[in-house]
Amino acid sequence: MHLETDVLVIGAGGAGMYAALEAARAGASVILADRSLIGRGGATVMAQMTVAAALGEQTPDSWEFHLADTLAAGRGLCNETLSAMLCQDGPARIREMDAWKVGWAREGDHITQIHAPGHDRPRCVYVDVLSTGPAVSRTLRTQLNLASGIRRIGDLAIVDIVVRDGQACGAVAVHLSSGETVTLAAKSVIIATGGLTRLYRRNSASFNMGGDGYALALRAGAELIDMEFVQFFPIGHLAPRLVGMDPIMWDPFRYKLGGKLLNGDLQEFEEAYASDGRNDGNYVLTRDRATYAISKEVEAGRGSPAGGAYLSFQHVPDAELRRAFGPVIDRLAANGIDLTKQLVEVAPIAHYHMGGVRVDAAMQSTIPGLYACGEAIGGANGANRLSGNAITEAFVFGARAGQSAAKNALSAASHWSHEAASPTVDLLRSADKRDTPNLAVAVTDLQALMADKVGPFRTDEKLREAIVEIDRMTADLGAAPPSSGMTFDPLLIDWLDLRNMLQVAKSVAVPALARTESRGAHQRDDHPGLEEAWTLNQIITLNGGDVALERGASISKKASA
Amino acid sequence: MKATLEIKRGTPAAPQHVETFVVPFEPGQSILDGLRAVRHDTDPTLAFRFACINANACKECMMLIDGKVDYACTVKLKEGVTTLAPLPKKALVRDLVTEIAPPDERLHGRG
């Protein structure tokens, strides 16, 4: 099947839905494609709290203050043009969502803003109770329903961007439920596929966040930036088994109620790692320091039974727990968890990716016609993302990408050529029924490798081992996908996922090996401490099918032109 | 502990049949965990939908569990037999996968 459109948006999370809405508002025809259902997959729907914007509803605020906090968290590596855009456009998007009845929590006559770690004042809005992501997704889905000119297609996995004469002109996809190959001609293509947390054994995001967009961009010839910076969330849920909840749910509990971190000996340990004496009552340690503290306690043999730390709310009376989190307390009870009587176990969990597609202020990559937005881009958050910025950037960069892509599409003729699409069409056609090692196992192996060797704490030796192993797995994967010869083919999906995941895994490991310092989310046990000479961004491209590293000459204060 | 999953498999083109898998589990683990274990340990061709992995956010893993419509991520594995079948009122795609998207979000069969 062949489809044509002005703008193709890949990925229907917060960024992709906003991009589609803005592109359609500008008069472009849009196809919004997702490998899963529209507005259900990705990270947005998983988010439970805190969207940062300088609304000034709770206390006086200005976007410059938000920017200062964002840059400080980014440890000197932010692309300040993108960071400023995030902070400056944020309030208008939050108010637009409010007008669309997302239901931001209110007290009295104003939107409630709470004080999240790393911010200088209360700045984060949310939807009660732990419903921010589902409410945001539902609101944007409703707007998509009301908009005209947007064709939504689920079950459509984009396999490659099609590039002709150095310009993006569409994509090749596999339609999962029918198994057919679909070619899509588009004058502008927007990557809105989110991050790469599926590369790690324990992660807080969706199955479909295996870094697809980074791999698509690389193979299209675009540049990636800051790929070594993977954010780990320190207190992801570990045990007892908890289903039906986002594993990062304990953060809002700590915002509202406090919560004590204890090691395996039931001793508090955070103070011992608090180098800056920071203690606001709820948080002793920032995310990166808390990740470090828990990991070191486990290494020293003082971990909890499942290999993390205990989190205790036993000091909080039952009535107060219920008042703050009523429906959630019931869901915990359904999982056999009573916070007044027992401890839960938490551990660092892959949460967000700072790196991504290198874009200019119009969200265009280094390939004309190819745009990116949301978590899929790099630069706005530098070496470490400030809490609350992820949903905001999905809105802000999604809207910008939609506007830019529409403008480009409405002034351009189609560049599409079936010939340029044929290598990928042929790749899908080459899928054959054959015996392969179980690729579901290979995915698990890669997740274990990344967690053990390219996790929050890295060394030269571990990173070199990881790269050797990634290369071996890439060779094992082979050049043609296997097929079970039926629709909704899990074998084909695993192969296509691994093809992307292995390229992206190497795109993280290679710059991590090169960066011989510790900064933000990139911590080297063999190079502790930040080095001024490393205040620069590393860039990844694909050269002859393999990942190539380029070092930025100095920190780019402006978006790449 | 061990759970026995009796899974109704097939496509519209081939007659449906039941296949039985035994998966080890720890208390608290979900049916979705069990299905992923089947793919990992025994049969990677087993088809089922999910996106968010046990958070009950994506709502994609809806199926017939012991005859009742429910989410595979919120129902827990149990000792003994659990029967799994695709949603009866949705068009079958393959195994436990049915056409659950609204008609105007599909490539084919738009309403």
*asked:* Is it the case that the side chain of A/R35 and the backbone of A/G11 share a donor-acceptor pair, with hydrogens and angles ignored and the cut-off at 3.5 Å?
replied: no

*Given a strict heavy-atom distance threshold of 4.5 Å, which part of B/T74 is in contact with chain A: side chain, backbone, both, or neither?*
both

*Should A/D34 and A/R40 count as side-chain neighbours, where that means a heavy-atom distance under 4.5 Å?*
no

*Measuring heavy-atom distances to chain A, does B/E99 have an atom under 4.5 Å in its side chain, in its backbone, in both, or in neither?*
side chain

*Can you find a side-chain donor-acceptor pair between B/N54 and B/S30 that sits under 3.5 Å?*
yes

*Would B/R106 and A/S178 count as a side-chain hydrogen bond (donor to acceptor under 3.5 Å, both in side chains) if you check the C-alpha gap in whole Å, the side-chain angles of each, and the deciding distance to 0.1 Å?*
CA-CA 11 Å; B/R106 297 178 193 167; A/S178 68; over 6 Å; no

*Going by the side chain to side chain donor-acceptor pair (under 3.5 Å) test, name the single residue among A/D497, A/N208, A/N203 that passes it with A/R198.*
A/D497

*asked:* To check you understand the geometry: which heavy-atom pair defines the closest contact between A/I150 and A/A24, and what is its length?
replied: CG1-CB, 3.5 Å

*Would you check if the side chain of A/T487 reaches a backbone N or O of A/G179 as a donor-acceptor pair within less than 3.5 Å?*
no

*When B/P102, B/C58, B/A47, B/P27 are compared by non-hydrogen pairs under 4.5 Å with chain A, the top option*: B/C58

*asked:* I'd like to know which of B/D33, B/L32, B/N56 tops the heavy-atom pair count under 4.5 Å against chain A.
replied: B/D33

*Part of A/A334 lying under 4.5 Å from any heavy atom of chain B*: backbone

*Under 4.5 Å from a heavy atom of chain B, the part of A/S484 involved*: side chain

*Looking at A/D494, A/D489, A/V45, A/N438, which one has more heavy-atom pairs under 4.5 Å with chain B than the rest?*
A/N438

*Side chain, backbone, both or neither: which part of A/M1 has a non-hydrogen atom closer than 4.5 Å to chain B?*
side chain

*Just do the side-chain contact (heavy atoms from CB on, under 4.5 Å) check on A/I158 and A/D212 with the steps written out, would you?*
CA-CA 9 Å; A/I158 305 295; A/D212 289 356; over 6 Å; no

*Is it the backbone or the side chain of A/V443 that comes under 4.5 Å from a heavy atom of chain B, or both, or neither?*
neither

*Are a donor atom and an acceptor atom from the side chains of B/R9 and B/T45 found within less than 3.5 Å of each other?*
yes

*Parallel, tilted or perpendicular: which describes the rings of A/W250 and A/H237, with under 30° parallel and over 60° perpendicular?*
tilted

*Which of residues 80-96 of chain B have a heavy atom under 4.5 Å from any heavy atom of chain A?*
B/V93, B/R94

*Which bit of A/L3 comes within less than 4.5 Å of chain B, counting heavy atoms only: side chain, backbone, both or neither?*
side chain

*Shortest non-hydrogen contact between B/G28 and A/R241, atoms and distance*: O-CG, 3.1 Å

*With a 4.5 angstrom heavy-atom cut-off, could you sort out which part of B/F48 is near chain A: side chain, backbone, both or neither?*
backbone

